[in-house]
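Since we're looking at a predicted model, the values are computed, not measured. The sequence lines fix the lettering, A, B, ..., with proteins before strands; numbering per chain opens at 1.
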There are 2 protein chains.
Amino acid sequence: MASQQPKKTQPTPATLDGTDLTILAALVEDGRMTNAALAARVGVAESTCAYRVRALRESGVITSINARLDLGALGHPIHAIIRVRLGSHSREHVGTLYDRLVDVPGALTVLHVGGIDDFLLHVAVASPEELRDLILEHVTVHPMVRQTETQLVFEVRDGRGVLDR
Amino acid sequence: MASQQPKKTQPTPATLDGTDLTILAALVEDGRMTNAALAARVGVAESTCAYRVRALRESGVITSINARLDLGALGHPIHAIIRVRLGSHSREHVGTLYDRLVDVPGALTVLHVGGIDDFLLHVAVASPEELRDLILEHVTVHPMVRQTETQLVFEVRDGRGVLDR
DNA sequence: TTTGAAATAAATGCTAG
DNA sequence: CTAGCATTTATTTCAAA
């Protein structure tokens with residue numbers, strides 16, 4: 001699955017005009033909007049719109065288009081943030097654990113952070129018991145993990161993002 | 001923009017068969033996959049596939065399909081998690097602040113959590129200065145905010161999700 | 001880069017099993 | 001719930017400006 005920023009970003013910050021930004025905002029809101037509808041909203045010909053969208057995808061500004069699911073309906077109604085702290089910070093240990101955390105069943109996002117913690121692991125599970133087992137079997141099982149702290153997530157909301165006008 | 005779980009989930013956990021799960025996995029990976037390609041991958045007729053997808057959307061299992069952007073290419077290469085703690089936890093204060101945090105420019109996600117913190121605010125900004133200003137002008141400016149703690153995000157990766165086989 | 005119009009491809013509606 | 005086929009709609013291509 002695709003990753004978010006930061007990670008490796010384009011060397012060229014890309015020159016985006018108002019048309020591009022309008023297209024991006026529309027596709028962030030509805031990634032399945034038809035090209036015809038997009039063109040109408042943006043005010044360019046369909047062929048132009050399709051060209052722009054392709055350029056935005058090929059240049060990597062649009063990284064991917066994905067469906068988002070109701071995880072509760074899929075039997076994973078409980079969300080938590082597991083804050084992970086390491087005992088050893090060798091590059092190898094950090095990299096290995098990172099890979100393992102990404103592969104945890106139910107892992108939604110893994111953030112590698114600086115500060116008090118090393119990783120923030122956002123998971124969705126079926127029950128509190130499953131959360132406990134997940135932590136024991138997939139997180140604290142690794143010797144380089146010194147400590148974890150788990151916070152229950154009551155709710156998640158999307159922010160306004162970077163495309164505000 | 002749409003929100004993730006938890007929040008309000010369907011009362012009926014929905015009965016999803018293997019076909020549905022395959023469709024969901026495919027659309028999470030590529031939300032713009034054509035119905036024809038989906039049908040081929042799943043092994044059903046196109047009309048059947050379209051019917052299933054529509055049912056999944058209407059039942060709310062698929063909440064939305066959105067484009068994801070390279071925020072670095074958009075001039076917001078710096079990510080941070082701002083941990084927010086309140087002094088007052090009245091429902092009104094919590095609700096008000098939540099709304100404000102969601103509306104912060106550059107806010108990607110806001111998590112309402114239990115435990116040490118009250119909110120985790122994931123933001124993308126153009127520079128360290130902008131991060132400082134954002135916190136001062138949009139977070140600590142609110143009287144109910146007692147304390148914040150900011151962690152720089154080195155990298156974000158998607159986890160394997162809940163649809164592992 | 002942008003465009004319109006033709007050619008290709010895909011989605012939808014309808015019918016029936 | 002599924003499938004096949006006809007209709008409608010969308011995307012791609014391309015020559016031209």
Side-chain angles (χ1 to χ4, degrees), chain A residues 2 9-70 72-75 163 165, chain B residues 1-2 9-70 72-75 162-163 165:
Chain A
T9 203
Q10 297 302 100
T12 312
T15 323
L16 302 169
D17 61 15
T19 299
D20 290 315
L21 295 177
T22 307
I23 288 173
L24 292 176
L27 289 179
V28 164
E29 199 184 287
D30 176 7
R32 270 204 97 119
M33 178 173 284
T34 67
N35 182 66
L38 244 191
R41 176 154 162 182
V42 174
V44 295
E46 293 183 19
S47 49
T48 304
C49 188
Y51 175 88
R52 292 282 194 131
V53 171
R54 180 141 54 98
L56 288 167
R57 300 199 70 160
E58 289 181 352
S59 71
V61 175
I62 296 174
T63 55
S64 65
I65 296 182
N66 326 91
R68 299 173 72 180
L69 310 178
D70 180 339
L74 288 165
L163 293 174
R165 48 249 130 125
Chain B
M1 200 194 265
T9 205
Q10 297 302 100
T12 313
T15 324
L16 302 170
D17 62 15
T19 298
D20 290 316
L21 295 178
T22 306
I23 288 173
L24 292 176
L27 289 179
V28 165
E29 200 184 286
D30 176 8
R32 268 204 97 118
M33 178 173 285
T34 67
N35 183 65
L38 245 190
R41 176 155 165 181
V42 173
V44 295
E46 292 183 22
S47 49
T48 304
C49 188
Y51 175 89
R52 292 283 194 129
V53 172
R54 179 143 54 96
L56 288 168
R57 299 198 69 159
E58 288 181 353
S59 71
V61 175
I62 296 173
T63 55
S64 65
I65 296 182
N66 325 92
R68 298 172 72 179
L69 310 180
D70 179 341
L74 288 167
V162 303
L163 292 174
R165 48 257 125 121

Could you measure the distance from the [atom1] atom of [X] to the [atom2] atom of [Y]? Nearest 0.5 Å is fine.
X: B/I62; Y: A/N66; atom1: CD1; atom2: CG; result: 12.0 Å
X: B/R52; Y: B/D20; atom1: CZ; atom2: CG; result: 4.5 Å
X: B/I65; Y: A/L27; atom1: CD1; atom2: CG; result: 12.0 Å

Length of the line joining [X]:[atom1] and [N]:[atom2], which is rounded to integer Å:
X: B/R52; N: D/dA3; atom1: CZ; atom2: C1'; result: 13 Å
X: A/R54; N: C/dT3; atom1: CZ; atom2: P; result: 16 Å
X: B/N35; N: D/dT2; atom1: CG; atom2: P; result: 13 Å
X: A/D17; N: C/dT1; atom1: CG; atom2: C1'; result: 11 Å
X: B/R57; N: C/dT12; atom1: CZ; atom2: C1'; result: 15 Å
X: B/E46; N: C/dT15; atom1: CD; atom2: P; result: 20 Å
X: B/R41; N: C/dA10; atom1: CZ; atom2: C1'; result: 18 Å
X: A/I23; N: C/dT1; atom1: CD1; atom2: C1'; result: 13 Å

Give a yes/no answer on whether the side chain of [X] brings an N or O atom under 4.0 Å of OP1 or OP2 in [N].
X: B/T48; N: D/dA3; value: yes
X: B/Y51; N: D/dT2; value: no
X: B/R32; N: D/dT11; value: yes

Exercise. Can you name the closest pair of heavy atoms from B/G60 and A/D70 and give their distance?
Worked result: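 Looking at all heavy atoms of both residues, the shortest contact is O-CB, 3.2 Å.
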Exercise. When only distance counts, do a donor and an acceptor, one from the side chain of A/T34 and one from the base of D/dA10, lie under 3.5 Å apart?
Worked result: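 No, no donor-acceptor pair under 3.5 Å.
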For this session: Would you mind telling me which of D/dA3, D/dC14, C/dA11 lies closest to the side-chain atoms of B/A36?
Result: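 The answer is C/dA11, which lies nearest to the side chain.
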